[in-house]
Protein chains: 2
Amino acid sequence: MTPRTWTDRQCPVARTLDLVGDRWVLLIIRDAFDGLTRFSEFQRSLGIAKNILADRLRLLVENGILRRVDTGADSRAHYRLTPRGEDLFTVIVGLRQWGERNAFEADEEHSVLILEQTGEPLPNIDPVRADGGRIVARDTHVQKV
Amino acid sequence: MTPRTWTDRQCPVARTLDLVGDRWVLLIIRDAFDGLTRFSEFQRSLGIAKNILADRLRLLVENGILRRVDTGADSRAHYRLTPRGEDLFTVIVGLRQWGERNAFEADEEHSVLILEQTGEPLPNIDPVRADGGRIVARDTHVQKV
DNA sequence: CCGTATCCATTCCGATACTG
DNA sequence: CAGTATCGGAATGGATACGG
């Protein structure tokens, strides 16, 4: 199961992995960014067992990453990203762009993200480190939020 | 074990998760960015079993994310990030910053990344989506690399 | 110190059957 | 359709012992 308590409570990376550090979870979130909302849509897209999917959706709702939207008479609910869930966009795009750069052969096709307005591919995310800025070890710099 | 073949060969996110979609792997990479290189350093930092750590290091070397640097007479090797591994910086920082924003209470302390040159905290990564740009579903836009 | 080999407990997952 | 309940097999991870 996804949730597990890590010894490393101080580290934001470990905390994040506590909540979304699971393949199924991250793929569900990917699909949610692609506009999927139905239980059956996720199931078809992922080929995941129903009980596992139900478990992951429940956890994601519990953790405030998805919200469950019930649609009146219909028993079929929608699962939509909360603001906290949408905030994972950077992570998903980071995973995607790394894969585009490093997990495909030169002649292999793959999908790319297109911006609706311009029709252009989404440019690569690039943190400060590109210009040689090195990062000081995390343990040495603990601050208040 | 980390490696598993996914049905979704086309999706860069799934491909990336094939290679690094494992808690231990991502925490090892985090530690590598923090400058750890020794087997024992990783083990102490993570509290991971030796056989598991050995397995993950082997996989990471196999996948070209770490490289093993043997130091002459000494049996103790260093594990260092390859360029492909360093390219995961965006992902690690994305996970970290999401955690900073979403996985801590307001009064909880946590570590932050500091840029060596300026002494300033690393600014938040922010992809284009901030200004309302929506993303078109991945399946509809398959292109050559 | 850096692993490898083995063993055991636990967890995880998928298939199936069942319910509203 | 959207789940819940159960079950067996597979995989995983931790501990231990051992070797280079």
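Proteins get letters first, then strands, A, B, ... in listed order; numbering begins at 1 in each.
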**Student:** B:I28 CD1 to D:dG13 P: how many Å, rounded?
**Tutor:** 11 Å

**Student:** In whole angstroms, how far is the P atom of C:dA15 from the CG atom of A:L46?
**Tutor:** 14 Å

**Student:** Between the side chain of B:W98 and the main-chain N/O of A:R84, is any donor-acceptor distance below 3.5 Å?
**Tutor:** yes

**Student:** Provide, to the nearest angstrom, the distance between the CG atom belonging to A:D22 and the P atom belonging to D:dA11.
**Tutor:**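 Taking atom P of D:dA11 as the reference, CG of A:D22 is at 17 Å.
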
**Student:** Both A:R44 and B:A49 contact DNA chain D. Which one's nearest nucleotide lies toward the 5' end?
**Tutor:**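 Its nucleotide being nearer the 5' end, the pick is A:R44.
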
**Student:** Over how many whole Å does the gap from A:I52 atom CD1 to D:dA5 atom C1' extend?
**Tutor:**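 Interatomic distance, CD1 of A:I52 to C1' of D:dA5: 13 Å.
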
**Student:** Compare every heavy atom of A:T82 with every heavy atom of A:L66, then report the nearest pair and how far apart it is.
**Tutor:**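 Between these two residues, the closest heavy atoms are C-CG2, 3.6 Å.
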
**Student:** Do any side-chain nitrogens or oxygens of A:R68 fall under 4.0 Å of OP1 or OP2 in D:dG3?
**Tutor:** yes

**Student:** Donor-acceptor pair, distance only, cut-off 3.5 Å: does the side chain of A:S45 make one with the backbone of A:E41?
**Tutor:** no

**Student:** What integer distance in Å separates A:I48:CD1 from D:dT4:P?
**Tutor:** 14 Å

**Student:** Once you apply a heavy-atom cut-off of 4.0 Å, does B:Y79 come out as touching a base, just sugar-phosphate, or nothing?
**Tutor:** sugar-phosphate

**Student:** To the nearest angstrom, how far is B:L57 atom CG from C:dG3 atom P?
**Tutor:** 7 Å

**Student:** Which nucleotide in the set D:dG13, C:dC1, C:dC13 lies at the smallest distance from any side-chain heavy atom of B:S40?
**Tutor:** C:dC1

**Student:** Between protein and nucleic acid, restricted to nucleotides 4-7 of chain C and to nitrogen or oxygen atoms under 3.5 Å apart, what atom pairs and distances do you find?
**Tutor:**
residue	atom	partner	partner atom	Å
C:dT6	O4	B:N51	ND2	3.3

**Student:** Check this one for me: any side-chain N or O of A:R56 less than 4.0 Å away from OP1 or OP2 of C:dC13?
**Tutor:** yes

**Student:** Is the positively charged end of A:R15 above the ring of B:F104, judged by distance under 6.0 angstrom from the centroid and angle within 45° of the axis?
**Tutor:**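 Checked: cation-pi criterion met.
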
**Student:** Could you measure the distance from the CZ atom of A:R30 to the CZ atom of A:F42? Nearest 0.5 Å is fine.
**Tutor:**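 Going from CZ on A:R30 over to CZ on A:F42, the span is 10.5 Å.
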
**Student:** Against B:I28, only a single residue in B:V20, B:L36, B:D22, B:L53 fulfils side-chain contact (heavy atoms from CB on, under 4.5 Å); can you say which?
**Tutor:**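 Testing B:I28 for a side-chain contact (heavy atoms from CB on, under 4.5 Å) against B:V20, B:L36, B:D22, B:L53 leaves exactly one candidate, B:L53.
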
**Student:** Rounded to the nearest Å, what distance is computed from the CD atom of residue A:Q43 to the P atom of nucleotide D:dA2?
**Tutor:**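 Taking atom P of D:dA2 as the reference, CD of A:Q43 is at 9 Å.
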
**Student:** Provide, to the nearest angstrom, the distance between the CH2 atom belonging to B:W24 and the P atom belonging to D:dG13.
**Tutor:** 9 Å

**Student:** Can any side-chain N or O of A:Q97 pair as donor or acceptor with the backbone N or O of A:P123 at less than 3.5 Å?
**Tutor:**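 Looks like yes, one N/O pair under 3.5 Å.
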
